[in-house]
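Values below: every heavy atom of this structure, side chains too, minus hydrogens, waters and symmetry copies.
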Amino acid sequence: MTLIKELNSQDEFVGFYLLKELEVKQTNGTPPKDYFDIVLCDSSGQMPAKYWDVTGTDKETFFPMGLVKVQGTVLTYRERLQIKISRIRKTEPDDGVNITDFIRSAPIRPIDLVYTIKQAMESIGDPEIKTIVAFCIAKVEEKLMHYPAAKTHHHAYFAGLAYHMVRMLELGEFICKQRPFLNPDLLLAGIILHDIAKPEEMIAQLGIVSDYSVRGKLMGHISMASSWITEAAILKGIALDSDRVLALQHLVLSHHNLGEWGSPVQPQTAEAVALHHIDALDAKLQMVEDALDTTPETEPWTPMIRGLENKAVYRTNIPRAVLES
């Protein structure tokens, strides 16, 4: 089977893929004609695709999260690879393919990721902060085993949210040692809590987000997580006006930094400043890593990365030096 990351411009291919996204759209011609705007994916990556001249039967046959066999050609459109599908059918039992074969997942087992997150929680020395973090983890612990961190931008795969948290915890532990003026209890708590409500914000199956929940659309994960901190304080008998509750809420509310990115306030504590930049660093480096991993090694440039202001990344191909002992 041809993996998506191995496809190059002008390649003609046949393979099995997952319909990660599918939307019926219409051409601008007269009369307009229906076509499928598709995202095909496998365990190596994803690529946009078009299937023209869609019939009524096609619209009753193909849906998101379905496995299909595709014959197509890879084209370049606006400097990005795109598939023109010539033939498509649903998979059959005799094809011998399983949906789990097409799901990209975090490189560390989900059970180990969640264990690391809970160990970080246990390392928090302040009992009230630990109590609030434990309360919030308990709300989504099962979903942490498989939820992505986002629909498209970063860590958008099976157990991506837990992987994002663990990578941030590693950065946070290092920075707290380098900058001892930071409060490690607050920073580690902020890392765990900043995206803790995403499993309730998004609707996902096998690490693929199909939509946002009603609460996700109306409130968003930032407001939801802040309300969970309030809920934990009320149920656990912690004063709502305590510095700890206020500091945790500020960490969550400010971690996107700007109003246009979803934060009602900007970081105004040392730990909030650190959290914002740790979050951004891990997210942006993951975007770069994912783009390099899913771009054929013969291609010197990745596609444009939306989270990097639509900049492409150049593959240097300079081997890492190995020091002799």
Side-chain angles (χ1 to χ4, degrees), residues 1-104 148 150-153 156-157 203-212 287 290-291 293-299 301-307 310 312:
M1 186 179 75
T2 305
L3 293 175
I4 282 179
K5 72 171 294 183
E6 297 172 350
L7 294 174
N8 294 292
S9 185
Q10 303 305 313
D11 281 354
E12 296 181 358
F13 69 96
V14 176
F16 294 99
Y17 304 98
L18 178 68
L19 291 171
K20 182 177 180 180
E21 298 177 22
L22 184 151
E23 185 177 356
V24 180
K25 294 185 177 180
Q26 289 191 323
T27 63
N28 294 324
T30 304
K33 296 182 178 180
D34 291 339
Y35 70 94
F36 282 158
D37 189 20
I38 290 171
V39 175
L40 295 175
C41 77
D42 61 17
S43 60
S44 73
Q46 64 183 44
M47 190 175 295
K50 297 289 189 292
Y51 183 53
W52 305 103
D53 299 324
V54 167
T55 66
T57 301
D58 292 331
K59 287 185 281 187
E60 296 175 355
T61 302
F62 301 105
F63 299 95
M65 298 301 293
L67 290 178
V68 291
K69 185 175 184 181
V70 166
Q71 178 179 343
T73 304
V74 182
L75 307 174
T76 301
Y77 178 69
R78 293 182 178 176
E79 301 183 3
R80 300 188 67 179
L81 296 180
Q82 178 177 280
I83 294 169
K84 179 182 178 182
I85 298 173
S86 53
R87 298 177 67 187
I88 184 172
R89 69 163 174 83
K90 295 178 68 173
T91 57
E92 301 168 351
D94 291 343
D95 292 326
V97 295
N98 189 293
I99 192 169
T100 56
D101 299 331
F102 298 82
I103 300 300
R104 187 171 177 222
K151 185 174 183 179
T152 55
H153 282 347
Y157 43 72
I203 300 170
Q205 178 184 0
L206 295 173
I208 296 175
V209 176
S210 58
D211 200 356
Y212 290 87
M287 293 176 202
D290 291 345
D293 283 348
T294 57
T295 300
E297 293 186 3
T298 54
E299 295 287 334
W301 288 93
T302 71
M304 291 182 293
I305 302 172
R306 184 178 176 186
N310 283 325

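- Heavy-atom minimum distance, Ala156 versus Ala150: CB-O, 3.3 Å.
- The side-chain heavy atoms of Asp101 and Ser43, taken from C-beta on, include no pair separated by under 4.5 Å.
- In this structure, Leu7 and Leu81 have side chains that are not in contact, with every pair of non-hydrogen atoms separated by 4.5 Å or more.
- Summarising the local packing, CZ of Arg306 is surrounded by 12 or fewer heavy atoms from other residues, nucleotides or ligands at distances under 6.0 Å.
- Under a cut-off of 6.0 angstrom, the local environment of CD in Gln71 is crowded, with over 12 non-hydrogen atoms contributed by other residues, nucleotides or ligands.
- Here the shortest heavy-atom pairing between Thr295 and Glu299 reads CG2-CB, 3.6 Å.
- At least one side-chain heavy atom of Pro148 sits under 4.5 Å from a side-chain heavy atom of Val209.
- Note on Lys25 versus Asp34: no salt bridge recorded, every NZ/NE/NH1/NH2 to OD/OE distance being 4.0 Å or above.
- The number of heavy-atom neighbours closer than 6.0 Å to CD of Gln26, taken from other residues, nucleotides and ligands shown, is above 12.
- Residues Trp52 and Thr27 have side chains in contact (heavy-atom distance under 4.5 Å, counting atoms from C-beta outward).
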Candidate pair Thr55 and Asp58, rule side chain to side chain donor-acceptor pair (under 3.5 Å), full reasoning: CA-CA 5 Å; Thr55 66; Asp58 292 331; 3.1 Å; yes
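- Between Asp95 and Lys69 there is no salt bridge, since no side-chain N of the basic residue sits under 4.0 Å from a carboxylate O of the acidic one.
- Smallest separation of non-hydrogen atoms from Gln46 and Lys20: OE1-NZ, 2.6 Å.
- Contact record, Ala312 with Thr302: CB-O, 3.2 Å, taken as the closest heavy-atom pair.
- A heavy-atom distance below 4.5 Å is found between the side chains of Lys50 and Tyr35.
- At least one side-chain heavy atom of Leu18 sits less than 4.5 Å from a side-chain heavy atom of Ile208.
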Evaluation steps, side chain to side chain contact (heavy atoms under 4.5 Å, CB included), between Leu206 and Phe102: CA-CA 10 Å; Leu206 295 173; Phe102 298 82; over 6 Å; no
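- Side-chain contact between Tyr157 and Asp290 is present, with heavy atoms from C-beta onward closer than 4.5 Å.
- Ile88 and Phe62 get closest at one heavy-atom pair: O-CZ, 3.7 Å.
- Put simply, the side chain of Asp42 gets close to the backbone of Ile4: a donor and an acceptor are under 3.5 Å apart.
- Annotation: the span from Gln82 atom CD to Leu75 atom CG amounts to 7.0 Å, rounded to 0.5 Å.
- Closest heavy-atom contact between Ser210 and Lys151: O-NZ, 4.4 Å.
- With hydrogens and angles ignored, the 3.5 Å screen pairs a side-chain donor or acceptor of Ser44 with a backbone N or O of Lys5.
- Of the inter-residue distances, the one linking Ile38 atom CD1 with Glu23 atom CD reads 11.0 Å to the nearest 0.5 angstrom.
- Contact of the Val24 side chain with the Val54 side chain is not registered, since no non-hydrogen atoms from C-beta on lie closer than 4.5 Å.
- Remark: Asn98 pairs with Thr100 by the side-chain hydrogen bond (donor to acceptor under 3.5 Å, both in side chains) rule, at least two apart or across chains.
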Derivation and outcome, side chain to side chain contact (heavy atoms under 4.5 Å, CB included), residues Met65 and Ile99: CA-CA 9 Å; Met65 298 301 293; Ile99 192 169; 4.2 Å; yes
Thr73 and Asp11: CA distance, side-chain angles, deciding distance, side chain to side chain contact (heavy atoms under 4.5 Å, CB included) verdict: CA-CA 6 Å; Thr73 304; Asp11 281 354; over 6 Å; no
